[in-house]
**Q** 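One structure coming up, written as structure tokens, with questions to follow.
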Amino acid sequence: MNEIEKLISGKTLTHDEYVKLINRYEDENIRETLMVRARQLRGMHYGNKVYIRGLIEFTNYCRNGCFYCGINSSCKTAKRYRLTKDEILECCMSGYDLGFRTFVLQGGEDPYFTDDILVDIISKIKEDYPDCAVTLSIGERSYESYKRLKGAGADRYLLRHEAANGEYYKMLHPDNMSLENRKQCLFHLKELGFQVGAGFMVGTPGQTVEHLADDLEFLKELEPHMIGIGPFIPHHDTVFGNESAGSVSLTLYLLAILRILFPKVLLPATTALGTAALDGRERGMLAGANVVMPNLSPLSHRKDYALYDNKISTGDEAAECIDGLRKSMEKIGYKVVVDRGDYTG
Ligand code: SAM
């Protein structure tokens, strides 16, 4: 049995088999075979439903210096902002009216947002919208902190592991950041009962197929409920400012592999994919994705959450353009639904 047959039949692959599998991504027939299988599995578990999440980028202050990220602490050109509790609640209100039943609070690692402040915000959202899920994406925190956030009602947590290979992780991050801690956080979040999302960028400088194989193996070990992947896109004011962007077709190929490896996983067609290709979200769906995360942040700050250059911020990815998204999904046979869209493993 070769690696493709093994993948399709649901067997676990060895590291070398993952490497071979990924290396075959330029073969159109193989790509098509995997996409068809990915769509089949998506259909079996989620039908033609597309779950939407309202993304609220509530702070772009960050204490970390990740080399790839446009809001990292050394970026002098970033125009810093943080939303007030009332502004966050206004985003939720408009999102609820537009049909969102999950709010994703994402931000840099901003020490201003202490546990007390976050608990207050999360509790209020859950009080006002008891039928909605709250997802947090605010980086590495202590076990105790995660416990308090869970106690306040947070349902899910997105924390991409970024790179599962220790050596490579160091090429993307300054010395004061550690892969061990990031992985530990993911296991803590799982232990506390969060629905957990991990993931990585495709095509960061120096990334090899071996590194990607390590990512797939780590995800197998973690068994997350959500997986976020998207192409790396350079930001001019970072160490990687002059590097090339990651490949859209490799990202799509990896999405299909992830759907096959994790048939029930919640898999977004990410904003980065939608930025790298105009039809990125639709192609992501056709590769097995089942989630889209339109932007609900206030228009006045949207362009300041610039993780990379030319990040889409007022086009079809915007929450206000939900009708456009509904239509574009209908065109390819999918249906945006009003639903919390929980993991049903
Ligand atoms: N601070 C939180 C954390 O560390 O998880 C959440 C915010 S962080 C900016 C969200 C994600 O954006 C990161 O996990 C990273 O994978 C992605 N990202 C950052 N810079 C990027 C870039 N230049 N291209 C594509 N994605 C990027």
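First listed ligand is number 1; within each ligand, the first listed atom is number 1.
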**Q** Using a 4.0 Å cutoff against the non-hydrogen atoms of S137, which atoms of ligand 1 qualify?
**A** 2 (C), 6 (C)
**Q** Using a distance-only test with no angle check, is there a side-chain donor-acceptor pair under 3.5 angstrom linking D116 and T114?
**A** no
**Q** Establish whether atom 4 (O) of ligand 1 and some protein heavy atom are separated by less than 4.0 angstrom.
**A** yes
**Q** Checking a contact table here: which protein heavy atom is nearest atom 27 (C) of ligand 1, and how many Å away?
**A** M201 SD, 3.5 Å
**Q** At a non-hydrogen distance cut-off of under 4.0 Å, which region of H161 contacts ligand 1 (side chain, backbone, both, or neither)?
**A**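 Neither part.
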**Q** So, T59 versus R80: side-chain donor-acceptor pair below 3.5 Å or not?
**A**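 The answer is no; no qualifying pair exists.
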**Q** Give me the ring orientation class for Y81 and H301: parallel if the planes are under 30° apart, tilted from 30 to 60°, perpendicular past 60°.
**A**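 Answer is parallel, since the angle falls under 30°.
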**Q** May I ask whether P231 has any heavy atom positioned less than 4.0 angstrom from an atom of ligand 1?
**A**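 P231 counts as a contact of ligand 1 under the 4.0 Å cut-off.
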**Q** Just need the protein heavy atom nearest to atom 9 (C) of ligand 1, so name the residue and atom and give the distance.
**A** L307 CD2, 3.4 Å
**Q** Is NZ or CZ of K183 both nearer than 6.0 Å to the six-membered ring centre of Y169 and within 45° of the ring axis?
**A** no
**Q** Nearest 0.5 Å, what's the CD1-CG distance between I260 and L7?
**A** 4.5 Å
**Q** Tell me, please, whether Y96 has R101 positioned over its six-membered ring: NZ or CZ under 6.0 Å from the ring centre and within 45 degrees of its axis?
**A**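 Judged by the rule, R101 and Y96 form a cation-pi pair.
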**Q** Taking only non-hydrogen atoms of G230, do any sit less than 4.0 angstrom from ligand 1?
**A**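 Under 4.0 Å: no for G230.
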**Q** For ligand 1, which atoms, with element, lie under 4.0 Å from some heavy atom of R160?
**A** 14 (O), 15 (C), 16 (O), 17 (C)
**Q** Can you tell me which residue and heavy atom of the protein come closest to atom 1 (N) of ligand 1, and the distance to 0.1 Å?
**A** G107 O, 2.9 Å
**Q** Against N290, only a single residue in K264, R42, R259 fulfils side chain to side chain donor-acceptor pair (under 3.5 Å); can you say which?
**A**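 Of the listed residues K264, R42, R259, the side chain to side chain donor-acceptor pair (under 3.5 Å) partner of N290 is R259.
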**Q** For atom 13 (C) of ligand 1, which protein heavy atom lies nearest, and how many Å away is it?
**A**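 Nearest neighbour among protein heavy atoms for atom 13 (C) of ligand 1, to 0.1 Å: E162 OE2, 3.2 Å.
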**Q** Specify whether Y253 and Y25 have parallel, tilted or perpendicular ring planes, treating 30° as the upper limit for parallel and 60° as the lower limit for perpendicular.
**A** tilted
**Q** Got a donor-acceptor contact below 3.5 angstrom from the N295 side chain to the S297 backbone?
**A** yes
**Q** Protein heavy-atom contact under 4.0 Å for atom 11 (C) of ligand 1?
**A**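 No.
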**Q** Tell me whether the NZ or CZ atom of R82 lies within the 45° cone about the ring axis of Y61 and under 6.0 Å from its centre.
**A**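 Ring-cation test returns yes.
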**Q** Is it the side chain, the backbone, both or neither of Y157 that has a heavy atom closer than 4.0 Å to ligand 1?
**A** neither
**Q** Using a strict cut-off of 4.0 Å, indicate which atoms of ligand 1 neighbour a heavy atom of R182.
**A**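 By the 4.0 Å cutoff, the relevant atoms are 3 (C), 4 (O), 5 (O).
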**Q** Who's the nearest protein heavy-atom neighbour of atom 23 (N) of ligand 1, and how far?
**A** I233 O, 2.7 Å
**Q** Could you state whether I88 and I122 fall into the same hydrophobic cluster, counting links through intermediate Ile, Leu, Val, Met, Phe, Trp or Tyr residues with side-chain heavy atoms under 4.5 angstrom apart?
**A**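 I88 and I122: one cluster.
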**Q** Geometry only, no angles: is A272 polar-contacting ligand 1 at N/O separations under 3.5 Å?
**A**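 Between A272 and ligand 1 (N or O atoms, distance only) the closest approach is not under 3.5 Å.
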**Q** Among all the protein's non-hydrogen atoms, which is closest to atom 20 (N) of ligand 1, and how far away is it?
**A**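 Result: Y68 CD1, 3.4 Å.
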**Q** I need the atoms of ligand 1 closer than 4.0 Å to a non-hydrogen atom of Y305, numbered in the order shown.
**A** 7 (C), 9 (C)
